[in-house]
Structures are given as C-alpha cells and as structure tokens.
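A quick write-up on the structure given underneath.
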Amino acid sequence: MSGSGLEKDGTIAREGALSRVPETFAPVIEAARARITEMFDSARLHSAYLYGSIPRGAAIPGVSDLDLLLALRHEPTEADRSDARTIEATLDGSFTQINGVGILLSSSRVLLSSLERHDGGFFVACLCTPLLGSDLAGQLPRYHPTTLLARETNGDLSLALPRWRERATEAATDADRRTLSRLAARKVVRTGFTLIMPRWGGWTSDLSESAELFGRYYPERVEQMRVAAATGRAPSADPAVLSMLIDDLGPWLAAEYTAVHGEKAPRP
C-alpha cells in the first residue's frame, strides 16, 4: 500500500485489519464477537465487521469508541435493532478501554445493490474489517478515488444541515451539544476530504490528515477545517463551534461540493 492509501494498481486499499487492533482492545473485540454470535444466529446474520480507529490501529484507550456493522440476511427489524442496542450497552458497560459502542445494521442485499455500490458497498469493501461470516467485499469491485465515489459517499451534506440546525436549537445540555458537534464535525471533515480526493488521488480516514489535505486546495478555509477535525476527536459544547460548522463552513462546503461533484443519488 502506498502513502496515499492506494494499492499498486491505483485502487483504494482496505484500511483496517484485525492484526492492527491494539493489544489493549483485543478483549473488547473478542467479547464483541461472542456477543454478536450469541444474539444473532446464522439465520439472521450474514457477516459482521469492525470499522473506525480500532481496526486502523489508531484507537486511544478510554477515548475511542467501538464501531460495528452487521450485515443481515433480511432487512433490519425492530427486534434486530433492540438486540443491537443490548450488545452496545453490554460492551460499553464492560470495558473502560472504549467510550461508547455503535452498531450499524443493514441487509447484505442493500449493501450489494447497485444504488449502494459506491457508498455502502465501498464502505464494506474499503473501510470495514471482517469479524464474522463471509466477507461481502469479494462480491464488490475495486474502487478508485473518482468523482463518482466522492458524490455517492458524501454528496448529501445539504440534507444533513437542516437536521443539525433543528437539533442545535433543541439542544438543552452541554452533552447534547458535544454529541452534535462530534457528528457534524466528522461529517464536515470527511466531506471536505472527499471534495478534494479525486484531485489528490488517494484515500485517508484520518481527520487531521484530511483537514491538511483539504487545505492544500482551499487554504482560505483550512483553519475552520482544522477546528472541525479537532472537534471530531474532542467534541465541543461551545455554541460558536456548532454555529461555524452548521451555519458557515457547512453551507459553503455543501454548495462547493454540489458544484464540483453533484448531489448523491436519492435514497428511498
């Protein structure tokens, strides 16, 4: 793999591996595997994956969260979501190494669909690390850092902004504002990176690196993007930070993204 996150053939390399999981997080991963197997039998679960900082080897004990994707054999039901929440609570309450657990649910059908080929499919093939079951990546293509990939992964920022503004208005506590700032900041940084991804010609999920690469092409906005990257790692309750993300950088970025790459194909 090159320093730009690509294989020798120019395709985006899978960024995580079980061999990269820091030793302190190994018990967490084993417990996750056991809990998923206990709650989701083979009739329900096609495969399970890790993603985020833990399989990339960049996790910080006591700070990083555990991120999981479950690909189901059917469309997720409320019973599936309830079982996933039980696993989240059990793992989060059992290990001080992690600061929260998030489980995404999808069907293997949706992840392999043509509509999700350059979004959910890319996510599985390049950003997820197999944990259980048969890896769906074998049924997906190799991906290049193209404008199509940019559009389908992050060409929906304009849809998120009104929801964030509503949540910001309703936020009653610092905890509410920190939760929202982390969500918005990470989305903004990833959108900023994929805006310039085809021009740079590579891939990274590192927030700080993403901000600096963005700054090569948009130096007038780099300081705001650096604040967004820092907020994505250490959430802020400062209303001014939220306002910068939602009312200034976010709208500018959404408009620039649409002008450069277009908008993401509508989902049902």
Report the C-alpha distance between Tyr143 and Leu148 in whole Å, list the side-chain angles of each, state the deciding distance to 0.1 Å, and finish with yes or no for side chain to side chain contact (heavy atoms under 4.5 Å, CB included). CA-CA 10 Å; Tyr143 293 89; Leu148 172 62; over 6 Å; no
Find the distance between [atom1] ([X]) and [atom2] ([Y]) and round it off to the nearest 0.5 Å.
X: Tyr49; Y: Ile36; atom1: OH; atom2: CD1; value: 11.5 Å
X: Ser181; Y: Leu242; atom1: OG; atom2: CG; value: 5.5 Å
X: Thr179; Y: Leu183; atom1: OG1; atom2: CG; value: 9.0 Å
X: Leu245; Y: Arg182; atom1: CG; atom2: CZ; value: 13.5 Å
X: Leu6; Y: Arg142; atom1: CG; atom2: CZ; value: 10.0 Å
X: Ile12; Y: Met197; atom1: CD1; atom2: CE; value: 6.0 Å

Is there a donor-acceptor pair closer than 3.5 Å between any side-chain N or O of [X] and the backbone N or O of [Y]?
X: Arg73; Y: Ser42; result: yes
X: Ser82; Y: Ala79; result: no
X: Thr258; Y: Ala254; result: yes
X: Tyr257; Y: Asp156; result: no
X: Ser210; Y: Asp206; result: yes
X: Asp41; Y: Arg44; result: yes

Give the minimum heavy-atom separation between [X] and [Y], together with the two atoms involved.
X: Ala150; Y: Pro198; answer: CB-CG, 4.4 Å
X: Gly232; Y: Arg186; answer: O-NE, 2.9 Å
X: Leu180; Y: Trp164; answer: CD2-O, 3.6 Å
X: Ala59; Y: Phe25; answer: CB-CE1, 3.5 Å
X: Asp176; Y: Ala171; answer: CB-CB, 3.8 Å
X: Gly201; Y: Pro145; answer: C-CG, 3.8 Å

Establish, from distance only, whether the side-chain atoms of [X] and [Y] form a donor-acceptor pair under 3.5 Å.
X: Arg233; Y: Ser208; answer: yes
X: Thr86; Y: Asp83; answer: no
X: Asp119; Y: Thr153; answer: no
X: Thr147; Y: His261; answer: yes
X: Asp238; Y: Ser236; answer: no

Can you check whether [X] reaches [Y] side chain to side chain, under 4.5 Å on heavy atoms?
X: Lys187; Y: Thr191; answer: yes
X: Leu70; Y: His46; answer: no
X: Ile196; Y: Tyr217; answer: yes
X: Pro251; Y: Leu161; answer: yes
X: Arg178; Y: Thr231; answer: no
X: Ile98; Y: Ile54; answer: yes
X: Met225; Y: Val188; answer: yes
X: Leu136; Y: Pro130; answer: no

Determine, for [X] against [Y], whether the closest basic-nitrogen to carboxylate-oxygen distance falls under 4.0 angstrom.
X: Arg163; Y: Glu166; answer: no
X: Lys264; Y: Glu116; answer: no
X: Arg226; Y: Glu212; answer: yes
X: Arg167; Y: Glu170; answer: no
X: Glu88; Y: Arg85; answer: no

When you measure from the centre of the six-membered ring of Tyr218, is the NZ or CZ of Arg221 under 6.0 Å away and within 45° of the axis? no
Please determine whether residues [X] and [Y] belong to a single hydrophobic cluster, defined as Ile, Leu, Val, Met, Phe, Trp and Tyr linked transitively by side-chain heavy-atom distances below 4.5 Å.
X: Leu213; Y: Leu207; answer: yes
X: Leu45; Y: Phe123; answer: no
X: Leu115; Y: Leu140; answer: no
X: Trp200; Y: Phe214; answer: yes
X: Val21; Y: Leu127; answer: no

Kindly indicate, with the supporting measurements, whether the criterion side chain to side chain contact (heavy atoms under 4.5 Å, CB included) is fulfilled by Leu66 and Ile29. CA-CA 9 Å; Leu66 173 66; Ile29 303 309; 3.9 Å; yes
Before we go on, tell me: are the rings of Phe122 and Trp203 under 6.0 Å apart, centre to centre? yes
Go through Glu15 and Tyr51 one step at a time and tell me if the side chain to side chain contact (heavy atoms under 4.5 Å, CB included) criterion holds. CA-CA 9 Å; Glu15 63 179 14; Tyr51 68 96; over 6 Å; no
With side-chain hydrogen bond (donor to acceptor under 3.5 Å, both in side chains) as the rule and sequence neighbours excluded, what pairs involving residues 122-135 come up? Arg14-Asp135
I need the single residue from Asp67, Leu68, Leu69 that forms a side chain to side chain contact (heavy atoms under 4.5 Å, CB included) with Leu104. Which is it? Leu69
Over 12 foreign heavy atoms within 6.0 Å of CD, Glu263: no
For Thr77 and Asp80, what are the C-alpha separation, side-chain angles and deciding distance, and is it a side-chain hydrogen bond (donor to acceptor under 3.5 Å, both in side chains)? CA-CA 5 Å; Thr77 65; Asp80 296 323; 3.1 Å; yes
Asp247 vs Arg165, side chain to side chain contact (heavy atoms under 4.5 Å, CB included): CA-CA, chis, key distance, verdict: CA-CA 8 Å; Asp247 299 318; Arg165 292 190 187 104; 3.2 Å; yes
